[in-house]
Amino acid sequence: MTNAFDVTDLHVTIGGSHILQGVSLEVPRGGVTALLGRNGVGKTTTLRALLGIVPATGTVRVMGTDVLGWPTHRIVRLGVGYVPEDRDVFAGLTVEENLRLAEQTPEPHYDEVYSLFPELRARTRQRAGTLSGGQQQMVSIARALLNGWPLLLIDEPSKGLAPRLVSELAEVLERVATLSTVLLVEQNLAVVRRLAQRVVVLDHGEVVHTGAADELDDPVMARRFLGVAGAS
Amino acid sequence: MTRARVAVALGAIFAVFFALVPFISLHVDWVLPGTVNVVNSTGTLEVLALCFIFAGVALGYDVMFGFTGLLSLGPVMYFATGVYVFDIALTRWNWPLASALGLTFAVSLVLALVLGAIALRVSGIAFTMVTLAFAQAFYYLIEDNPHGLTGGDTGLALSTARLPAFMSGAVSNTRNLYWIAFGFLVLAYAVVWVVTESATGHVFVAIRENERRLEVLGVRPFGYKLASYTLSSLVATGGGVAYILLIGTAVPSAVASTTVTLSILVMVVLGGAGTRWGAVTGAILYVYLQQYLLKVAAQPSFATLPSFLRVPLSQPQFLLGAIFVLFVLFVPGGVAGLVSRRRTPSLKQLVAGQRRKQ
Amino acid sequence: MTVFLSLTFSGVALGAIYFLAASGLSLIYGLMDILNFAHGLFMTLGAYAAWDAATHAPASWGAPVIFVVSLVAAVLGGALAAGLTEVLVIRPLYGRPISQILVTIGLDLAATGLLLGAFGSNPQSLPVPLWMMEASHFAGISLPNADYVAFAGGLVVLIALEWFLRRTRYGIIIRAGVENRTMVSALGINVARAFTLVFVIGGAMAGLAGLLYAVVFSGELVSPTQGDSLLIFAFIVVVIGGLGSIRGSAVAALMVGLVQDYTNFYLGNHPGMAEIGNLSVVLLLAVVLEWRPRGLFGSAL
Ligand SMILES: Nc1ncnc2c1ncn2[C@@H]1O[C@H](COP(=O)(O)OP(=O)(O)OP(=O)(O)O)[C@@H](O)[C@H]1O
Ligand SMILES: [Mg+2]
């Protein structure tokens, strides 16, 4: 079976700064691959380049299809759900409208989404801008899951959530990972250990390490890959 | 270094050539815009003088738009200030020339500082809209003919009583007015050159490229933006003074309407925003073509063309608008971009600078 | 009192036309960051389409039918012009907002020049049913029927637009796109279609505005530059209301229409104040921006 994502020699330059300097990585089908690195090394930019949101050079294959230069919506329709770093729910739209917007298949998986996030069912008419941070994260994840797509890009889902919410979230993502291939950017090491099978480490716009997730059990390795931020 | 020397030498050659044009009584067919096909005929000199005036104004505008990245739609207000304040001081109040000039630039300076400070409170598109609204208000004010000063729609002819004899609008003085217009362009060019090459000028470009980064470095962009806005306004005012001396009458639709602003913008983009000689070239081409096309359309043989050709070709506004659309689509760097790809910041880069600010 | 009421109502009618012109501009700006200078052109072309249809329709149809035909022509003409503009000149410049603004300026200059070449600067007279100019009495005030038509037109469009934006999938896409275009495409939606759609909708409303303006405020005359003067006020309405907000446009359009009407009537007769209506609108803009730089309903700028 082809890999979920094959990226070779990805370069991104924004406003004169060379942010990605030849990122190469493979994400096999199934399970969770974690993309790690210090703040500002280019993890978010890598995801955005995969989706064609920022222009890039190199090659990007999604399930074997060369998608570099495609418009974002076509890449997404190959079957990629995206949960962006800052949730990016549409604040002026209701929860229902946020979800409705994400519908791309004739039979959206509302039952599944509502069983993962029962709280949302009661709030369909509420404007997303008035939801709490955790609830907004639910909407954002729900949008990505609605179509039952095989691939998911999830960027720092635990950012800014209370510890209890983080473990609830990890539970949800564990269930999600049984159905889809996930490329996960995450700073919370506990979450990474619990979910990921593989890790890819970025530094200074390049991949500096690829390996199995249990390497992170070694605190020296963990500190090396993640810097101060990851030493938990 | 050599590049710069070549540029200076070329500039000097052009300057000497244009300064000597009034002495060239050569007969040239086809290309001249005046009715008489002689290089130093009154008609041709007048058109060239108009070219120089707008070249100076466009250059000033380029400091603000091309170098600093501020898309103002209000330059016509300062051009009209030059035209009307000078005209009113001489014609209505019978002031001497020096006082009239002093008043004109003082009014322009105060207007630019006050309105510029208000408009620069907002950025991006809102700034553009506010400058447009102010200029429009100014136009209404002139049309309104407050206290009978501006003459409203009928306009205000310049009284030459207090002007030195060589400046009066007599046909024999056309070459003097030509030199005045040319002198204005040379002066504007010198000022813009000095400013854009100075440390301040580099801050202008940095504002265009990335205003945020500048703030991080501890530079407050506001003062620089206001300076850029004010400089470009004063240059436009100078152009207005030269214009009223040359044309001799002020009419709101010709010197104060938004169409003038749009023409200036078109000139700068055609020539290449963000370059000095590009703005000058764009303006000269624009004004020259406009006048030349009018002359062509007035030829008797023109009337024999079928209407699907005659109608569009008789309208310089159509032809120049269409050329402009094609340039924006296919030649984003303008004429300057075609000639030297290396030094011209293309519109694409200008835009990139704008977007990063958001 | 009746004078004041009549004045209020005609101000509202003027506001309705400003709303028609401004709401499309506002949507286009909100979704695409384009300050669309060609919007005045769409108004002018709508009015010319109406004139063309009305002068070519057989007289036997009767004035009311002919007027309806010209109304449809104005809407279709504006929509067609706007759709073509988006596809032919805006689309190649996606991602370059300043170039897009410039290209709409060039288009406006070129097309207005063409109209001037074809029709001269003399206005054309639009055939309109006599009924339009007759006065109706209503709640103690008496105004030409055309004013009521303009008001009704604005109201119907406001309701239809709100319905479209709240209830239909494309409406939701447009509202979402005004907030965050990138995220809309990251949900698998082709935003470019929404771009064309807002241009078409904006153009249709502009065409209608052009026709109603000619009927109500310029003595049934259609001229090549009439859209340009309307455009400036539409811009001001958009900025006051807040870029990208339909409700903001509606409220601001009413404010501008009323302010213009009142000041014109009460102050415009004084010597040297003929343009006081226009000037006070600009003053209103300055006041609103000083107080709320984002406009009344603007969220972000
Ligand atoms: N639009 C942009 N303009 C300029 N610089 C940018 C832009 N987007 C990202 N960058 C820079 O690129 C670098 C990488 O950013 P990116 O968001 O990919 O980092 P990250 O690894 O996701 O960081 P974090 O862990 O903090 O989310 C940063 O230095 C950032 O400042
Ligand atoms: Mg990130």
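In what follows, chains carry the letters A, B, and so on, assigned in the order in which the sequence lines appear, proteins first and then strands, with residues in each chain numbered from 1.
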Whether the side chain of A:S140 engages the backbone of A:V83 through a donor-acceptor N/O pair (distance < 3.5 Å, no angle test) should be reported.
no
Closest non-hydrogen atoms of C:I189 and A:H73, given as atom of the first, atom of the second and distance, are O-CB, 3.2 Å
Relative to chain A, which segment of C:V184 carries a heavy atom at a distance below 4.5 Å: side chain, backbone, both, or neither?
both
So which atom in C:F199 and which in C:T85 form the shortest heavy-atom distance, rounded to 0.1 Å?
CE2-CG2, 4.3 Å
Just to be sure I understand the criterion: a residue of residues 248-256 of chain C counts if one of its heavy atoms is under 4.5 Å from a heavy atom of chain A. Which ones qualify?
none
Heavy atoms of other groups near A:H204 NE2, more than 12 under 6.0 Å
no
Taking all non-hydrogen atoms of both residues into account, name the closest pair between A:R61 and A:D66 and its distance.
NH1-CB, 3.9 Å
The interface call for A:E97 against chain C, heavy-atom contacts under 4.5 Å, is both
Under 3.5 Å, is there a donor on one side chain and an acceptor on the other for C:T196 and C:R91?
yes
If one checks every heavy atom of A:A91 against chain C at 4.5 Å, the contacting part turns out to be both
Among C:A176, C:A186, C:G188, who wins on heavy-atom pairs under 4.5 Å with chain A?
C:G188
Anything under 3.5 Å between a donor and an acceptor, one on a side chain of residues 164-172 of chain C, the other on a protein residue two or more places apart or in another chain? List them.
{"unit_1": "C:R166", "atom_1": "NE", "unit_2": "C:E162", "atom_2": "OE1", "d": "3.3"}
{"unit_1": "C:T168", "atom_1": "OG1", "unit_2": "C:F164", "atom_2": "O", "d": "2.7"}
{"unit_1": "C:T168", "atom_1": "OG1", "unit_2": "C:G171", "atom_2": "N", "d": "3.0"}
{"unit_1": "C:R169", "atom_1": "NH1", "unit_2": "A:R100", "atom_2": "O", "d": "2.8"}
{"unit_1": "C:R169", "atom_1": "NH2", "unit_2": "A:L101", "atom_2": "O", "d": "3.3"}
{"unit_1": "C:R169", "atom_1": "NH2", "unit_2": "A:E103", "atom_2": "O", "d": "3.2"}

A:N98 side chain to A:T94 backbone, donor-acceptor under 3.5 Å
yes
Per-residue contact mode, A:P71 against chain C (heavy atom under 4.5 angstrom)
neither
Most heavy-atom pairs under 4.5 angstrom with chain C, which of A:R74, A:R48, A:R77?
A:R77
Pairs of heavy atoms under 4.5 Å with chain C: top-ranked of A:N147, A:L93, A:L51, A:V89
A:L93
Checking ring pair (Phe, Tyr, Trp, His ring centres under 6.0 Å) against C:Y18, which of C:F235, C:Y213, C:F233 comes through?
C:F233
